[in-house]
Structure formats: C-alpha cells, structure tokens
Amino acid sequence: MLNVLVVDDEPKHRRGLSRMLKNLRPEYTIYDAMDGADALQSMSNHPIDLVFTDIQMPIMDGLQFMERLIERGGSESIIIMSAYSDFEYAQRALQLGANDYLLKPVEEQKIVQLLAKTELKMHAIRLASMEASLAELFEGSPDADDYQRLERSFPAVKQGMVMAAVLNVKTGTGDLKWMQNELKARLEAALKAQKFPFAFYMSDKALYTLIISEENGAIVTPEWEARLRMIIRHFSAEHGAELTFGLGCCFTKWENEARKSFKQASLALQTRFYKGGGIVLEADQINDSGHQALLKLDVRFLTDAVVAGDKAGIQAYLDATMNQATASGFPQPEKLVYAIAAAIHHLTSCLLEKGLLAINSAAFEEALLQCHTIEQLKNTAQAWIFELADGLDNRTASCRNEAIIDACKAYIENHYNEELSLSMIAAKFHFNASYFCLLFKTHTHTTINQYIMQTRMKAAAGQLLQTSQKVYQIAENVGYKDVKYFIRLFRKEYGSSPEEYRHLSATR
C-alpha cells in the first residue's frame with residue numbers, strides 16, 4: 001500500500017488522475033495539492049511514497065517544488081507530468097532527480113507500469129529500513145524513530161515474539177547463503193499461511209524472525225510447531241543440513257520487551273549445544289551471568305595421566321568433569337569451549353617444561369572452536385589429549401601417522417571419481433572419524449573434504465584441457481552428479497567457469 005500525492009493546478013486533471021489511481025489501487029491513500037507550496041505542506045503532515053506533479057503551476061512550479069524536495073531529503077518517487085511544449089522543463093526535472101515523466105493526457109497503461117515500479121522500489125526501501133530498525137532494536141541502541149517505524153509497520157500489533165533459526169551445514173554439502181535464502185522463503189510461506197505479519201533480520205550467527213499477532217491468542221500453536229518441524233525435516237532430507245529453531249518469549253511493548261524476546265531466542269539456540277539440534281527449542285537454563293565457575297581441569301592429574309599413557313583415566317576424568325560442569329545449568333557454550341582450550345594449553349606448557357614431546361595444537365584448537373555439541377567438545381578435547389599421550393608413548397608415532405596420511409591421500413587420488421566421505425575413509429583406515437579428521441588436518445593443513453574437492457578439481461581441469469567432453473560429463477567423471485554445484489566449486493577454485501577455463505587456456 002502506498003501514499004500518493006497528486007500535484008496539479010488544474011482541478012479537472014487533479015481529480016481525474018486521483019480517481020484513476022483509486023480505481024487502479026483501491027488500497028492506496030491519495031492526497032492532492034494545487035501547487036508546489038501546497039504539496040510541501042501536505043507532505044509535512046503525511047508520509048508520501050509517490051508524487052505526481054505538473055510542471056507549469058502558479059506560486060511554486062514543479063521545478064521549484066523538486067528543488068525544495070532535494071533540500072528536504074526523502075525517499076519518495078517523483079513523476080513529472082508535462083505537455084510537449086514543456087519537454088525542456090521535463091528534462092531539467094529528470095536532472096533534478098525525477099524518476100520518470102508522463103505526457104498529458106496521461107495513459108492508464110503508463111500509470112500501471114509506474115505504480116508497479118514504485119511498489120518494488122518502496123518495498124525494497126521499507127525492507128532495508130525495517131532491517132536497520134530491527135538491528136538497532138535487537139543489538140544496538142534504538143531511538144524514537146526506530147520505535148515509530150516499527151509501530152507504523154505493524155499498527156495492529158497485539159503481541160509479538162522473536163524466533164531464531166540456525167543452519168548447521170556440513171562442509172562441502174551445499175551453499176549456506178543459498179540455503180538461508182530458501183529458509184527465508186519457506187518461513188515466509190508458512191507465516192503467510194498462518195496470517196502472521198512478520199519481518200526478518202539476519203545476524204552473523206542466525207536468522208531472526210519477528211512474528212506479530214493481531215490477536216491475543218497463542219502465537220506458538222501446535223499447528224505452527226508442526227510447520228516448523230516440517231521445514232526442519234525438509235532441510236535434513238534435501239540438503240543434509242541440521243536446522244534448529246529457538247523461541248523467545250511473547251511481548252506486548254516494543255521497548256525492552258521485544259529485545260528480551262530476541263535474547264531469549266538467542267539463548268534457546270545455545271541450548272542445542274547440550275540438547276542437540278534439529279528441533280524447536282525454548283530458552284532454558286543457559287547461564288548468561290558469567291559468574292558460574294565453568295570448568296576446572298586438574299592439569300597436574302592430566303599431566304601424570306598423559307606421561308603414564310593412561311587413556312582410560314583421561315576419558316573417565318573428562319566425562320566426570322563435563323557432567324559436573326553442566327549439573328546445575330548450562331554454561332554458555334563459547335565460554336566452556338574457551339575454558340577447555342585454555343586448560344589443554346596449560347597442560348601442553350607443563351609437558352614442555354618437563355622437556356617432553358609436544359605437538360602442533362593449531363588444528364585441534366580450531367576443531368575445538370568448531371564444536372556444535374557438548375559430545376563433540378568432549379571427543380575433540382579427548383582426541384587432543386590422547387594425541388599428546390601418543391606422542392610421548394612412542395616418538396615414532398608421528399612417522400607412522402605420516403605414512404597413514406600418505407596412504408589416505410593416495411587412496412583419494414585413485415578413487416576421486418567414486419563416492420567419498422570422511423566417515424567412509426576413516427573406517428577404511430580403522431580410525432574414529434573425528435580423530436582421523438584432526439589427524440589429517442594436523443599433517444596436511446587441510447580437511448579431508450577440502451582435499452577430495454581439490455583433487456577432483458585438479459582432475460577436472462586436466463580433462464577440460466585434454467578432452468572435448470561436455471562439462472556435465474567431466475563433472476560426472478570426477479564424482480559430481482550436480483553439474484551446477486560442480487561449476488560453483490570449480491569457479492571458487494580456479495576463478496572462472498569450466499568453459500571459461502578451457503577457452504582461456506586454449507588461447508594462451
């Protein structure tokens with residue numbers, strides 16, 4: 001819906017265009033003015049999205065009116081109406097920033113086209129304005145303008161809530177940005193089916209949805225939860241991606257309450273670290289105060305256990321310590337991860353002080369920071385400490401590991417056109433998948449999935465130069481059934497599409 005202002009000193013033309021606009025768009029609010037000065041007064045009283053203005057008018061003509069609009073600033077679209085004799089004036093109006101012009105008498109088909117163009121423009125402007133206001137409301141310092149903009153956008157609000165969503169996508173399985181856009185589209189369809197007004201806000205970590213209800217009934221109904229679970233199942237089945245929703249509390253006031261709902265939705269998402277993802281979560285037991293003692297590892301005990309090679313003792317100690325850390329509530333996941341990383345660094349320092357063998361911990365530390373569940377965190381911490389123990393237990397372990405990694409790389413290079421995955425390769429070499437992933441990255445400074453992709457891209461590049469096969473055939477030759485996904489990976493690796501690569505190489 002747009003607010004439109006018609007400016008013309010001839011009453012017949014002014015009323016005629018106003019009637020035409022109302023017939024074409026009954027939902028529009030139409031205002032009129034007899035000259036530029038009258039139009040400025042009207043615009044000071046009403047927000048205007050689209051202005052139709054004549055050029056030749058008394059008191060303040062169309063060009064003077066436009067100059068005042070430039071000084072005033074604003075995002076409204078301006079359409080100039082002129083006769084053939086006014087065309088030089090129309091050109092000046094376009095130079096001043098008019099969006100288009102119409103020759104009198106105006107044609108209905110031209111008006112329809114201009115309205116459609118303006119609707120798209122105003123939708124984009126309002127969307128950007130809404131996202132900016134939501135960013136301030138949730139994570140910034142909202143002012144009176146932000147609250148007024150939200151109140152204008154949702155005038156019939158009875159209550160609202162914030163819902164957060166996060167996608168956990170396995171490396172190499174798809175484009176996260178593309179999936180986020182699909183998620184927005186599916187949520188938009190579900191919200192429209194429920195007749196909920198809504199707005200989206202994308203942060204660095206999650207997609208937030210502001211859901212508005214124009215009634216006092218519950219927002220989170222069994223039907224709504226069923227729709228969310230259906231979307232979760234879709235992303236799992238179609239993309240192998242884990243989608244998790246976090247629900248905030250309901251609010252009735254924009255100030256304070258809406259921000260609280262946002263924080264609760266964020267906290268709800270954090271509980272997936274402990275409860276697992278792929279479900280709908282409510283804020284529960286996350287300790288946001290920072291005062292709780294997160295976790296304390298007994299470094300002296302661990303040092304003795306590493307030196308003795310007591311892996312069973314290390315595993316039992318980590319299990320007990322993790323259980324104790326979460327017994328009275330859930331610590332913030334990031335703080336828990338940092339506490340464990342700091343403790344293991346302390347352990348490594350103690351081993352170095354004893355003159356004992358140390359390992360390159362960068363890959364383990366990176367893996368620790370990428371953990372999405374407490375089980376992953378425990379397993380990764382255990383793998384890191386076990387690696388320290390293995391390094392002390394047998395100093396030739398590093399040589400053995402290098403031989404295993406070389407064998408793994410050779411296997412990938414000989415079977416890149418087959419279905420390959422971390423779990424399958426780890427099983428072939430008789431390793432736990434998480435541990436083998438860390439081992440591979442420690443020795444190669446890249447992940448197994450990245451190495452598979454790079455090997456396939458190298459083979460594809462060779463086939464592009466040495467054969468005349470089609471791109472889809474080469475994609476299949478190197479293990480990709482989805483040719484669009486193959487082209488996207490190839491462009492990322494070589495900076496050009498397969499066809500461009502073949503052509504550029506042939507011309508060199």
Side-chain angles (χ1 to χ4, degrees), residues 1-3 29 43-49 73-76 122-166 184 187-188 190-192 194-221 224-225 228 244-271 280-291 330 332 334:
M1 186 180 75
L2 300 181
N3 293 335
T29 302
M43 293 179 76
S44 67
N45 297 327
H46 312 287
I48 298 297
D49 303 306
S75 59
E76 60 275 339
M122 295 312 300
H123 176 73
I125 290 173
R126 287 171 178 171
L127 188 61
S129 178
M130 172 64 71
E131 289 179 349
S133 291
L134 289 180
E136 288 298 324
L137 177 67
F138 294 154
E139 299 185 294
S141 302
D143 56 22
D145 288 340
D146 292 311
Y147 290 124
Q148 288 174 8
R149 194 175 294 117
L150 290 165
E151 288 169 359
R152 285 197 303 270
S153 300
F154 303 106
V157 59
K158 288 287 193 298
Q159 60 177 335
M161 69 170 291
V162 178
M163 180 178 74
V166 66
K184 286 177 72 172
L187 282 175
E188 184 171 343
L191 288 159
K192 286 180 177 177
Q194 294 287 111
K195 295 184 170 56
F196 285 137
F198 62 91
F200 292 118
Y201 166 63
M202 178 69 77
S203 75
D204 293 336
K205 297 181 180 179
L207 170 66
Y208 291 90
T209 309
L210 175 68
I211 304 174
I212 298 299
S213 175
E214 296 175 353
E215 300 175 356
N216 289 319
I219 294 177
V220 183
T221 61
W224 176 240
E225 287 201 68
L228 295 180
T244 307
F245 290 103
L247 305 180
C249 57
C250 286
F251 66 86
T252 57
K253 298 178 181 178
W254 289 110
E255 293 189 50
N256 302 322
E257 291 186 6
R259 195 185 189 99
K260 181 180 178 182
S261 183
F262 166 81
K263 288 185 176 180
Q264 281 203 324
S266 302
L267 291 174
L269 279 187
Q270 290 186 34
T271 63
V280 181
L281 295 165
E282 296 182 11
D284 176 46
Q285 292 182 282
I286 282 283
N287 181 357
D288 194 30
S289 67
H291 299 306
F330 298 140
Q332 283 201 21
E334 288 183 358

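Reckoned from all heavy atoms, side chains included, excluding hydrogens, waters and symmetry mates. Note that the structure is predicted; figures quoted are calculated from it, not measured.
Counting all heavy atoms, side chain and backbone alike, Gln194 lies closest to Trp224 at CG-CE3, 3.6 Å. Between Arg259 and Pro142, the closest heavy-atom pair is NH1-CD, 3.6 Å. A pairwise comparison of heavy atoms in Ala258 and Leu137 identifies CB-CD2, 3.9 Å as the closest pair. In terms of heavy-atom proximity, Glu334 sits nearest to Lys205 at OE2-NZ, 3.0 Å.
Judged by distance alone, the side chain of Ser261 and the main-chain N or O of Val162 form a donor-acceptor pair under 3.5 Å. Between the side chain of Gln159 and the main chain of Ser213, no donor-acceptor pair closer than 3.5 Å is present. At distances below 3.5 Å, at least one donor-acceptor pair connects side-chain atoms of Asp49 with backbone N or O atoms of Asn3.
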Sequence neighbours left out, cut at 3.5 Å: what donor-acceptor pairs do the side chains of residues 245-255 make with other protein atoms?
unit_1	atom_1	unit_2	atom_2	d
Thr252	OG1	Glu257	OE1	3.3

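Here the OG1-CG distance, from Thr271 to Leu269, works out to 7.5 Å after rounding to the nearest 0.5 Å. The line from CG of Leu228 to CG of Leu187 is 7.0 Å long, rounded to the nearest 0.5 Å. Interatomic distance, CE of Met163 versus CG of Leu281, reported as 12.5 Å (0.5 Å rounding). Within the model, atoms CG of Leu210 and CZ of Phe262 stand 11.5 Å from one another, a figure rounded to the nearest 0.5 Å. Met202 contributes atom CE, which lies 9.0 Å from atom OG1 of Thr209 (distance to the nearest 0.5 angstrom).
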Go through it in stages, so that I can follow the logic: the residues are Glu214 and Val157, the test is side-chain contact (heavy atoms from CB on, under 4.5 Å), and I'd like the CA-CA distance, side-chain angles, deciding distance and then a yes or no. CA-CA 5 Å; Glu214 296 175 353; Val157 59; over 6 Å; no

Practice problem: Evaluate the criterion side-chain contact (heavy atoms from CB on, under 4.5 Å) for residue pair Ile48 and Leu2; output intermediate values, then yes/no. | Solution: CA-CA 8 Å; Ile48 298 297; Leu2 300 181; over 6 Å; no

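Contact check on Glu188 versus Lys192 returns a salt bridge, with a Lys/Arg side-chain nitrogen under 4.0 Å from an Asp/Glu carboxylate oxygen.
By the salt bridge (Lys or Arg N to Asp or Glu O under 4.0 Å) test, Glu76 is found to be paired with Arg72, residues two or more places apart in sequence or in another chain being considered.
Ile212 has its side chain out of reach of Phe196: every pair of non-hydrogen atoms, C-beta onward, lies at least 4.5 Å apart.
Ring geometry for Phe138 versus Tyr208: interplanar angle of 30 to 60°, hence tilted.
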